[in-house]
Amino acid sequence: MLDPRALRRDPELIAKALSKRGNAFDLTSYRELETTRHDLQTELENLQHERNEISKAIGQAKGDGLDIEPLKLSVREIGFRLDVVKQEFAKVRDELSAFLLSIPNVPHESVPAGEDEDDNLVLYERGEIPSFNFEAKDHVNLAPSFLDIELAAKISGSRFSVLRGPLAKLQRSLTQFMLDVHVEQHGYEEVYVPYIVNASSMTATGQLPKFAHDAFQVQHTEPMYLVPTAEVPVTNFVRDEILAADELPMKFVAHTPCFRSEAGSYGKDTRGIFRQHQFEKVELVHVASPDDSWDAFEELLGNAEAILKMLELPYRASVLCGGDLGFAAAKTVDLEVWLPSQKRYREISSVSNFLDFQARRAQARFRRRAGERPELVHTLNGSGLAVGRALIALMENYQNGDGSFCIPDVLRDYMGGVDSLKLVAPLSD
RNA sequence: GGAGAGGUGGCCGAGUGGUCGAAGGCGCUCCCCUGCUAAGGGAGUAUAGGCAAUCCCUAUCGAGGGUUCGAAUCCCUCCCUCUCCGCCA
């Protein structure tokens, strides 16, 4: 959520800043709502004040043994009027808050203008794109019977997968490796978190109310949601908390499955496990002081890149343009890994600084010094990395032409010493 | 699933329908005293909103309704936590 005070002070400025996203900010209805809210609130508070005064007087009169009936009568009209105004105010307040919750974050000044991913700005490329003297197979053809989409379709439906044997182990090894690096080398605390969250958590990080259709909802005593990313449960650690300055920065790493409905992506990336309703991700989350969040951003990006470097996968980094920027983010840098079968880079990590946008929704604050007013923290996160996509990238970039692919050095211990896999032969069971 | 207890400020914990935003304690901040690995004394210390505003006003005692001139306090619904029993990975 944007700062309501900043918005009130200069709505034009915010509208202009949001236009970088191609987001039309409705100044007219905002002004109308805000004016109505202000008028109603003033009237409401005045009425409440009057009522409080008289009620206080009644209390005193009663104590003094005086007749309180005339006073009661005088407060009656106020009560009626109050009921009406209270209702009107509640309605406008709810409308305004729904309006505010649906406004995306203001893009940082370094974010390029643009409509979609074609307008993203490539920062740099790293690693060496492999040159094969054979036709590169894609990940499906490299492990046909170990990656069973049909079986998953029977069990669940489209966009699910079953991984078998060594392929399942390889995905687990990747996960383990990433967690270990972030904990042992980058100073993160590993956390294990719920995979189902409540509506308040989803609202705090920005998935709700606007993007309900992207999430899987679970019906319980109240509506709950399968986590679309560990960002949701982990960032919500600090919801409604007032932290001490020395508790910052907080750095968490969590491995979770992620669930996305992928509504609106029909026909897109339908082959293999590239875009699934359920996928594994290792996520990094920072809770930072506002002074340090851009440093934290660089650190996070470096931490995610470190995994790609250690796996020796070719990748590039791009700043997302305004139009491609996620709802809550002020700035995002995507890491994209080279996929030989597609002969292009594809997203494997997304690193974002949300500034105080999520923190305001979450009321996540800290105190610089004891006795001072609490301030909103800054939140950031980044994939470190998307495990399923890392699996694809590894298989494809390390393929040898005979259907086998090598296991990168850093994973060999996790794989029990295995240095290559050949999974093109049918599964024998 | 059954039975019970409870949700109050950074924490613990009082609270009779009326001057309670809330006693007391702890913690924290500042000051004083003392000069020595301690203690004592004083003052302050919730959040959000309105306003140019220190002041002032409004709201908030798990959430939402209700009763009442007035609700932390009474009633209803929901959520959560804890204890015991049952079941269970």
Side-chain angles (χ1 to χ4, degrees), chain A residues 1-11 30-31 33-101 192 194-204 208 217-225 233 236-248 250 287 356 359-377:
Chain A
M1 201 163 90
L2 300 177
D3 182 359
R5 261 183 288 192
L7 194 55
R8 240 174 272 142
R9 205 179 312 121
D10 197 349
Y30 168 71
R31 283 215 179 85
L33 265 174
E34 176 54 28
T35 308
T36 315
R37 190 220 100 239
H38 180 261
D39 294 349
L40 283 171
Q41 185 169 339
T42 308
E43 187 180 0
L44 177 69
E45 291 186 357
N46 286 340
L47 286 167
Q48 282 170 329
H49 177 58
E50 284 180 55
R51 186 203 57 194
N52 290 347
E53 290 296 314
I54 300 179
S55 291
K56 225 180 260 183
I58 292 178
Q60 261 170 349
K62 211 174 167 190
D64 298 341
L66 302 171
D67 182 18
I68 57 172
E69 284 310 313
L71 284 167
K72 272 194 178 184
L73 218 63
S74 72
V75 82
R76 192 181 211 150
E77 279 308 313
I78 298 174
F80 292 146
R81 178 73 191 139
L82 201 54
D83 282 343
V84 176
V85 177
K86 209 188 259 178
Q87 261 188 349
E88 286 176 12
F89 175 70
K91 188 164 157 269
V92 172
R93 189 238 289 130
D94 291 349
E95 273 177 50
L96 187 62
S97 104
F99 184 88
L100 292 174
L101 283 173
Y192 169 81
Y195 299 162
I196 301 178
V197 296
N198 58 32
S200 300
S201 294
M202 290 284 275
T203 305
L208 292 182
Q217 198 182 111
V218 179
Q219 214 47 56
H220 188 54
T221 51
E222 60 183 73
M224 299 185 90
Y225 302 84
N236 274 279
F237 278 21
V238 294
R239 172 154 55 88
D240 295 324
E241 298 291 336
I242 299 176
L243 307 163
D246 63 10
E247 289 179 87
L248 300 178
M250 291 174 144
V287 178
D356 61 11
R360 185 170 293 105
R361 291 170 160 243
Q363 282 305 299
R365 293 164 296 175
F366 80 109
R367 243 188 264 277
R368 279 182 198 273
R369 252 180 299 280
E372 286 189 9
R373 293 175 71 79
E375 284 176 60
L376 295 169
V377 297

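Chain letters run A, B, ... following the sequence lines, proteins first, then strands; residues in each count from 1.
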Quick one: side chain to side chain donor-acceptor pair (under 3.5 Å) partners of E247(A), sequence neighbours excluded?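 Scan of E247(A) (side chain to side chain donor-acceptor pair (under 3.5 Å), adjacent residues dropped) gives none.
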Got a sec, which residues hit side chain to side chain donor-acceptor pair (under 3.5 Å) with R239(A), two or more places apart in sequence or on another chain?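 So R239(A) forms a side chain to side chain donor-acceptor pair (under 3.5 Å) with S201(A), N236(A).
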Taking side chain as C-beta onward, heavy atoms only, is [X] less than 4.5 Å from [Y]?
X	Y	result
V92(A)	L33(A)	yes
T36(A)	E95(A)	no
Q48(A)	L44(A)	yes
P4(A)	R360(A)	yes
F237(A)	V287(A)	no

Under a 4.0 Å heavy-atom cut-off, which of residues 82-90 of chain A touch RNA chain B?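 Nothing qualifies; none.
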Rounding to a whole Å, what distance do you find between [X]:[atom1] and [N]:[atom2]?
X	N	atom1	atom2	answer
E241(A)	G10(B)	CD	P	10 Å
R361(A)	A48(B)	CZ	P	18 Å
E45(A)	G49(B)	CD	P	12 Å
Q48(A)	G49(B)	CD	P	17 Å
L40(A)	U58(B)	CG	C1'	14 Å
E53(A)	G18(B)	CD	P	18 Å
L7(A)	G49(B)	CG	C1'	15 Å
Q60(A)	C20(B)	CD	P	11 Å

If you measure from CZ on F89(A) to OG1 on T42(A), what distance do you get to the nearest 0.5 Å?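 F89(A) CZ to T42(A) OG1: 9.0 Å, rounded to 0.5 Å.
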Rounded to the nearest 0.5 Å, what separates atom CD1 in I78(A) from atom NE2 in H49(A)?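 One finds 10.5 Å between CD1 of I78(A) and NE2 of H49(A).
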Any side-chain N or O of [X] under 4.0 Å from OP1/OP2 of [N]?
X	N	result
H49(A)	C57(B)	no
R367(A)	U45(B)	no
H38(A)	G49(B)	no
R5(A)	G49(B)	yes
R365(A)	A48(B)	yes

Shortest non-hydrogen contact between L71(A) and I54(A), atoms and distance: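 Minimum heavy-atom separation between L71(A) and I54(A): O-CG2, 3.8 Å.
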For [X], check salt bridge (Lys or Arg N to Asp or Glu O under 4.0 Å) against everything at least two apart and list the hits.
X	value
R31(A)	E12(A)
R93(A)	none
E45(A)	none
R365(A)	none

Classify the nucleic acid contact of P374(A) as base, sugar-phosphate or nothing, counting any heavy atom under 4.0 Å across all strands shown.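 Sugar-phosphate contact only.
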Under 4.0 Å between any heavy atoms, over every strand shown, what does R93(A) touch: base, sugar-phosphate, or nothing? Just pick one.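 The residue R93(A) makes no contact with any strand.
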Pairs flagged by side-chain hydrogen bond (donor to acceptor under 3.5 Å, both in side chains) wherever residues 81-91 of chain A is involved - sequence neighbours left out: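 Sorted result for residues 81-91 of chain A: E43(A)-R81(A).
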R361(A) side-chain N/O to T203(A) backbone N/O, donor-acceptor pair under 3.5 Å: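 Checking the backbone N and O of T203(A) against the side chain of R361(A), a donor-acceptor pair under 3.5 Å is found.
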What are the atom names and distances for every N/O pair under 3.5 Å that joins the protein to nucleotides 27-31 of chain B?
none

So, under a plain 3.5 Å distance rule, would you say the side chain of Q41(A) forms a donor-acceptor pair with the base of G49(B)?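 By the distance-only test, no, there is no pair.
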What pairs of nitrogen or oxygen atoms, one from the protein and one from nucleotides 73-78 of chain B, lie under 3.5 Å apart?
none

Dot-bracket notation for RNA chain B is requested: 5' to 3', Watson-Crick or G-U wobble pairs only, both distances under 3.5 Å, with ( ), [ ], | and . as defined. ((((((((.[[[..)..(.....]]]((((((.......))))))(((((.....))))).[[[[[..)....]]]]])))))))....
Short N/O separations, protein against nucleotides 69-71 of chain B, under 3.5 angstrom:
residue: C69(B); atom: O2'; partner: S55(A); partner atom: OG; Å: 3.1
residue: G70(B); atom: O4'; partner: S55(A); partner atom: OG; Å: 3.2

